[in-house]
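Structure, as structure tokens:
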Amino acid sequence: MPELPEVETTRRGVEPYAAGQTVQKLVVRNASLRWPVPAALPRLLRGQKIEAVERRAKYLLFRTPTGTVIIHLGMSGSLRVLAADDPPAKHDHIDIVLESGRCLRYNDPRRFGCCLWLPDGESHALLEGLGPEPLGPSFDGALLFRKSRRRKGPVKQFIMDGKIVVGVGNIYANEALYLAGIRPDRAAGRISLARYERLAMHIKQVLTSAIEQGGTTLRDFVGGDGKPGYFAQQLYVYGREGEPCKQCGRMLKKSTLGQRTTVYCVACQR
DNA sequence: CGCTGACCCTGACGGC
DNA sequence: TGCCGTCAGGGTCAGC
């Protein structure tokens with residue numbers, strides 16, 4: 001489920017229950033995620049106080065005095081707050097059990113996610129070289145324009161490249177390009193500054209509104225079925241191939257770019 | 001450096 | 001009902 005809005009919604013849902021809590025223990029039922037959960041993690045984490053729950057790109061960061069737990073939800077992961085004695089279900093791979101008697105439970109059917117340890121003061125390859133946050137002040141059209149010069153690849157793959165800007169997943173890349181009126185397969189290096197300013201604005205807008213809508217279903221992260229308000233978002237193109245464009249009525253086209261489904265309107269996007 | 005495609009894994013869904 | 005192919009919101013990595 002996780003695009004950036006879902007990860008941020010998860011962070012906000014989990015933070016009140018985790019921040020300030022001491023970790024009683026870590027239960028690892030299945031360590032084989034994208035990378036193995038470090039065997040030493042339970043020992044390293046026990047007794048540590050979670051000082052803050054942060055997010056960088058789509059990584060959730062649990063800060064403790066001696067290091068940081070890095071969690072990525074991959075394609076199918078979720079993190080929920082449950083009673084520690086709640087019986088685990090299928091694909092419930094990890095529990096971070098807290099002093100409060102609750103736990104943060106990581107579930108991930110496809111196991112594309114990860115749970116890693118970053119010792120205090122060290123850096124991690126996964127977090128190095130990442131582009132700016134899309135909702136931060138340093139992300140704008142000028143940055144996209146500057147970084148795209150000489151690039152021949154499609155603009156959709158360009159804005160989904162975490163070295164350029166983080167957190168723009170397939171759904172919102174499709175949506176932002178539609179709203180900006182830009183064809184997804186246009187060469188990144190052949191788009192004007194003015195159009196990139198429009199695109200950056202729509203990226204910020206679509207992510208912001210998705211996060212706001214996620215906020216309305218925050219309670220789902222606590223004890224519920226863990227399904228955030230994903231499709232509460234009004235989608236213009238994603239998942240609508242073959243249906244009429246909401247602006248001009250033409251049938252939306254589907255193609256594949258970088259092995260990801262791409263949907264667009266041939267009339268409204270140029 | 002930029003770009004492409006393979007790959008990691010399970011589950012849902014449609015066609016037959 | 002079952003089997004099979006296809007597809008899925010993530011990202012890394014090797015190779016050219």
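Quick note on labels: first sequence line is chain A, next is B, and so on, each numbered from 1.
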- Task: Consider only side-chain N and O atoms of A:Gln48 and A:Thr22, and report whether a donor and an acceptor are under 3.5 Å apart.
- Result: no

- Query: Among the nucleotides B:dG11, C:dG11, C:dT12, which one has an atom lying closest to any side-chain atom of A:His91?
  - Reply: B:dG11

- Item | Complement of B:dT10, any strand, by Watson-Crick or G-U distances under 3.5 angstrom | C:dA8

- Message: Whole angstroms only, please: what is the CG-P distance between A:Leu73 and B:dC8?
- Response: 22 Å

- Would you indicate which nucleotide in C:dG10, B:dC9, B:dC3 comes nearest to any side-chain atom of A:Arg151? B:dC3

- Item | Where A:Pro244 and A:Gly249 come nearest, the two heavy atoms and their spacing | CB-O, 3.4 Å

- Which of B:dT10, B:dC3, C:dG10 is nearest the side chain of A:Arg111? It is B:dT10

- Item | Distance-only polar pair, side chains of A:Lys49 and A:Thr64, donor-acceptor under 3.5 Å | no

- Gap between atoms CG and C1', on A:Asn170 and C:dG10 respectively (whole Å): 10 Å

- Item | Proximity to the side chain of A:Pro109 - top-ranked nucleotide from B:dG11, B:dC7, B:dC9 | B:dG11

- Pair A:Arg29 + A:Asp95: basic N to acidic O under 4.0 Å: yes

- Task: Please assess A:Glu51 against A:Arg63 for the test salt bridge (charged side-chain N to carboxylate O under 4.0 Å, His left out), listing each intermediate value before the final yes or no.
- Result: CA-CA 5 Å; A:Glu51 296 174 311; A:Arg63 304 290 191 186; over 6 Å; no

- Query: Nearest of B:dT4, C:dG11, B:dC3 to any side-chain atom of A:Lys152?
  - Reply: B:dC3

- Message: Tell me the interatomic distance from A:Asn174, atom CG, to C:dG10, atom P, rounded to whole angstroms.
- Response: 10 Å

- Note on the structure: Between CG of A:Leu33 and C1' of C:dG11 the distance, given in whole Å, is 14 Å

- Residue whose closest nucleotide on DNA chain C lies nearer the 5' end, A:Gly167 versus A:Arg110: A:Arg110

- Query: Of the candidate nucleotides B:dT4, B:dC9, C:dG11, which contains the atom at the shortest distance from the side chain of A:Tyr59?
  - Reply: C:dG11

- Task: May I have the distance from A:Met160 (atom CE) to C:dG11 (atom C1'), rounded to whole angstrom?
- Result: 10 Å

- Item | Separation of atom CD1 in A:Ile71 from atom C1' in C:dG11, rounded to whole Å | 17 Å

- Looking at A:Arg12 and A:Glu15, does any basic side-chain N land under 4.0 Å from a carboxylate oxygen? no

- Task: Name the nucleic acid region contacted by A:Arg260, choosing base, sugar-phosphate or nothing; use a 4.0 angstrom heavy-atom cut-off, strictly under.
- Result: base

- Query: Between B:dC9 atom P and A:His72 atom NE2, what is the distance in whole Å?
  - Reply: 17 Å

- Has A:Phe112 got its ring stacked on B:dC9, by the test of a centre gap below 5.5 Å and a plane angle below 30°? no

- Message: I want to check one thing: is the phosphate of B:dG2, taken as OP1 and OP2, less than 4.0 Å away from some side-chain N or O of A:Gln157?
- Response: no

- So which nucleotide from C:dG11, B:dG2, B:dA6 ends up closest to the side chain of A:Lys58? C:dG11

- Task: Give A:Leu126 one of three labels, base, sugar-phosphate or nothing, depending on what nucleic acid heavy atoms sit under 4.0 Å from its own.
- Result: sugar-phosphate

- Query: Looking at the side chain of A:Arg34, which of B:dC8, B:dG2, B:dC9 is the nearest nucleotide?
  - Reply: B:dC8

- Message: If I take atom CZ in residue A:Arg150 and atom C1' in nucleotide B:dC3, what distance separates them, rounded to the nearest angstrom?
- Response: 16 Å

- Which nucleotide sits closest to the side chain of A:Lys90: B:dT4, B:dA6, B:dG11? B:dG11

